[in-house]
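Just so it is clear, the values below take in all heavy atoms, side chains as well, and ignore hydrogens, waters and symmetry mates. We name chains A, B, ... by the order of the sequence lines, and we start the count at 1 in each one.
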Amino acid sequence: MTVTTDTPADGHSLVGERGQTDTHAISLNGKGDWIVGDDALIFAPGRVVSILDRSRYRSPAFLALARVAIQKVVSDPGPLRILTGMPSAWFADGEARGQLADAVRAAAAPLGEASVTVAPEAAGVYYAWLFESGRLDLIRLAQTVGVIDAGYRDVNVALFSGGRYVGGESVPGGTHEALKDIKRLIATTYRMELSLHEVDAAQRTDGLIVEGMRHPMPGGTRAALTRSLSTVVATGKSLWPNGGRALHAVVLGGGGAAHLAEALGREFPQLSALENPQLAGARGFLAMATAATPGRP
Amino acid sequence: MAPRRSFTLAMPDSDPRSARIWQHLSRIGADADASAELRALICAALDQTARLDRIEDKLDQTTRLDRIEAKLDQTARLDRIEDKLDRLIDGGVVRHDLSPPPPPSPSPSDSLIDPAIIATMLDFG
């Protein structure tokens, strides 16, 4: 069985400590009971945990979140092959990599013994592009490509050549930062205090309800969603050979991809924006984990 | 002067129903009351759209893929519907939900992936 994990960029990577509810909870021996995702937003909105720095890997909240994610995709107990990602900026931190692998192994333990590989987050988007047709594309594999993974915490910019990870950077400006800006704009314009997941829902539907009436998103929303653009472009031009001009493709994925695609396409004409970008990383890791599993048919 | 009514109908020139509408418009005089026949032609075109809507709804319920935005660009729309059908039939690696994935299916080309390539792809230094 192969499993892939990736952090959704939609604000659902939320875990709440369980209150007096009957909802399904994850019980961690000695580390409390936890409810995850929409349940956390409904039943424990005041006690939501969303840890964005690398200390998350030592938190029982992360363990609970990873366990639910694995349970969603694993149907039968047994040995597991798990491929997951972490931001490029942390990837050189061997201790953090070890903690992430340990946490994922512990999360999977009730289902089976797991062999865990930790990759730079952008690798998932790269693999999604390589396996886009459903098969490993050997022509793409031989190429030198830039990858932009516009995630929730940050934006990962990476370089791959001949299938090999060459290097990468994480830059601020993930969807989380944009949502905080939009939250302030909504507070100023409509005098409403929304949580970040409510802001996320509003911007996805391009409007919000105020006193029973639907209103447009406040001015400045679009700018907030693309604020990281100049940093991402500068990082790419710095990291990639010849400022990116020599690349065969610049592959774009992640939850923030939709907002950046048009402008990035003007900077990098060879841009390849993946379909359904929010789950591109997860799709790529799944394809790669499947291909890397010994004994597969 | 009689009131005039303007409308916009976006369909590719290559669509045979566009041709019929243009032909009809070019035939009628400036003051002729063409509304009945024109309405019939447009309804015929829109009936196709309603039918595509129903087909796509059924596909979306199965594949959970994104909805198509260009409702009246029938050619592009049919291309994308065909793509959705292909994915459904092929059961390709691209998945758009987090339900348990099916067991890996035998694939002649998968077995050709050199283990050394896999090792390179998973070598992060």
Could you check if a side-chain atom of B/M121 sits within less than 4.5 angstrom of a side-chain atom of A/R164, using non-hydrogen atoms only? no
If one checks every heavy atom of A/V118 against chain B at 4.5 Å, the contacting part turns out to be backbone
Rounding to 0.5 Å, atoms CG (A/L136) and CD1 (B/I118) come to a distance of 7.0 Å
Turns out that what part of A/A123 lies under 4.5 Å from chain B's heavy atoms comes down to side chain
One should read off an interatomic distance between B/L122 CG and A/Y127 OH, to the nearest 0.5 angstrom, of 4.5 Å
Interatomic distance, CE@A/M86 vs CZ@B/F124, rounded to 0.5 Å, equals 12.5 Å
